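We count residues from 1, following the sequence as given. Quantities reported herein were computed from a predicted structural model and do not represent experimental measurements.
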Amino acid sequence: VALGQGPDVIFIMATIHGNEPAGTPLVRRLSRHLRQHPEILNGRKVVLLRIANPDGLAHNSRYNAHGVDLNRNFEAANRLNSRQTGLTGLSEPESRAIREVILQHKPDRIVSIHQPLNCIDYDGPGQLLAEHMGQYCDLPVKKLGARPGSLGSYAGVTLGIPIITFEMTQADSQLDSEALWRKYGKSLLAAVVYPDRVE
């Protein structure tokens, strides 16, 4: 879903690991909020991908239907070829689709929602964005390091796009969309309106 027409573009996605499902209702709730408050979209375009790994979500699996970790399948300088990461970069249709979204919309920043590491991680030039988002939720900013072949490595290091790995808690899977929104909504809105503050 792409909302808005402006030149400032943010790409927010969830559930690239199918056993990390809490991001999906959170992104759905963000979409509803943006439609209810279209003034937020002035000068902006927000691209939302609620389920990056639909087969993994259906089977409560980190991996896609081919047994590949999509967040290790990107063409980054640090990628490793294996059965679990893909025998080649972008071997999987889901990772190719994510790359196409990035190439088509050319986001100025990216947020990928994960669980369960309880922190705001960043790659590339994403530190200031991470600190900005951290003002609006209880997750600490923590640099975990670019994983081989990850979206963070590809988008942040290879392409130079500020990217956040928004690591919620495992228990967040038990929350409904409204509870997730109360806990994390302002932080996601902070990423949307960055560098402005959330009203």
Over all atoms of both residues, closest heavy-atom pair of [X] and [Y]:
{"X": "Cys137", "Y": "Ile120", "answer": "SG-CD1, 4.0 Å"}
{"X": "Ala130", "Y": "Val141", "answer": "O-CG2, 3.4 Å"}
{"X": "His132", "Y": "Ala190", "answer": "CD2-O, 3.3 Å"}
{"X": "Leu41", "Y": "Gly4", "answer": "CD1-N, 4.0 Å"}
{"X": "Lys183", "Y": "Thr169", "answer": "NZ-OG1, 4.0 Å"}
{"X": "Leu151", "Y": "Asn71", "answer": "N-OD1, 3.0 Å"}

Discussion item. Please confirm whether the ring centroid of Phe166 lies under 6.0 Å from the ring centroid of Tyr184.
Written reply: yes
Worksheet entry | Test side chain to side chain donor-acceptor pair (under 3.5 Å) applied to Ser31 and Arg35, step by step | CA-CA 6 Å; Ser31 177; Arg35 292 172 199 271; 3.3 Å; yes
Worksheet item: Can you check side chain to side chain contact (heavy atoms under 4.5 Å, CB included) on Met13 and Ile98, steps first, answer last?
Response: CA-CA 9 Å; Met13 57 176 276; Ile98 292 166; 3.8 Å; yes
To the nearest 0.5 Å, tell me how far [X] [atom1] sits from [Y] [atom2].
{"X": "Leu144", "Y": "Glu167", "atom1": "CG", "atom2": "CD", "answer": "6.5 Å"}
{"X": "Ser61", "Y": "Asn19", "atom1": "OG", "atom2": "CG", "answer": "6.5 Å"}
{"X": "Ile102", "Y": "Phe74", "atom1": "CD1", "atom2": "CZ", "answer": "6.5 Å"}
{"X": "Ile164", "Y": "Leu139", "atom1": "CD1", "atom2": "CG", "answer": "11.5 Å"}
{"X": "Asn60", "Y": "Glu20", "atom1": "CG", "atom2": "CD", "answer": "10.0 Å"}
{"X": "His66", "Y": "Leu87", "atom1": "NE2", "atom2": "CG", "answer": "11.5 Å"}

Could you check if a side-chain atom of [X] sits within less than 4.5 angstrom of a side-chain atom of [Y], using non-hydrogen atoms only?
{"X": "Tyr154", "Y": "Leu159", "value": "yes"}
{"X": "Leu30", "Y": "Leu26", "value": "no"}
{"X": "Ile10", "Y": "Asp108", "value": "no"}
{"X": "Gln115", "Y": "Ser173", "value": "yes"}
{"X": "Tyr194", "Y": "Leu129", "value": "yes"}
{"X": "Tyr136", "Y": "Leu189", "value": "no"}

Without swapping roles, check the side chain of [X] against the backbone of [Y] for a donor-acceptor pair under 3.5 Å.
{"X": "Thr85", "Y": "Leu80", "answer": "yes"}
{"X": "Arg50", "Y": "Val1", "answer": "no"}
{"X": "Asn78", "Y": "Gly149", "answer": "yes"}
{"X": "Lys106", "Y": "Leu103", "answer": "yes"}
{"X": "Gln127", "Y": "Tyr122", "answer": "no"}
{"X": "Asp8", "Y": "Gly43", "answer": "no"}
{"X": "Ser187", "Y": "Met133", "answer": "yes"}
{"X": "Thr165", "Y": "Asp121", "answer": "no"}

Salt bridge (charged side-chain N to carboxylate O under 4.0 Å, His left out) partners of [range], not counting sequence neighbours, each pair once:
{"range": "residues 68-77", "value": "Arg62-Asp69"}
{"range": "residues 136-152", "value": "Asp123-Lys143"}
{"range": "residues 80-105", "value": "none"}

What about [X] and [Y], same hydrophobic cluster or not, with Ile/Leu/Val/Met/Phe/Trp/Tyr joined at side-chain heavy-atom distances under 4.5 Å?
{"X": "Val157", "Y": "Ile16", "value": "no"}
{"X": "Val46", "Y": "Val101", "value": "no"}
{"X": "Ile110", "Y": "Ile113", "value": "no"}
{"X": "Ile12", "Y": "Val193", "value": "yes"}
{"X": "Ile163", "Y": "Met168", "value": "no"}

Worksheet entry | Trace of the side chain to side chain donor-acceptor pair (under 3.5 Å) decision for His114 with Ser112 | CA-CA 7 Å; His114 287 255; Ser112 182; 3.1 Å; yes
Fill in: Check against side chain to side chain contact (heavy atoms under 4.5 Å, CB included), Trp181 and His33
CA-CA 10 Å; Trp181 184 250; His33 185 85; 3.5 Å; yes
Is it the case that [X] and [Y] place a side-chain donor and acceptor less than 3.5 Å from each other?
{"X": "Glu131", "Y": "Gln135", "result": "no"}
{"X": "Thr15", "Y": "Asn53", "result": "no"}
{"X": "Ser91", "Y": "Asn73", "result": "yes"}
{"X": "Gln5", "Y": "Arg44", "result": "no"}

Practice prompt. Using a strict 4.0 Å threshold on nitrogen-to-oxygen distance, state whether Arg32 and Glu178 make a salt bridge.
Written response: yes
Worksheet entry | Within 6.0 angstrom of Glu39 CD, more than 12 heavy atoms from elsewhere | yes
Fill in: Residue His59 excluded, over 12 heavy atoms near NE2 under 6.0 Å
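No.
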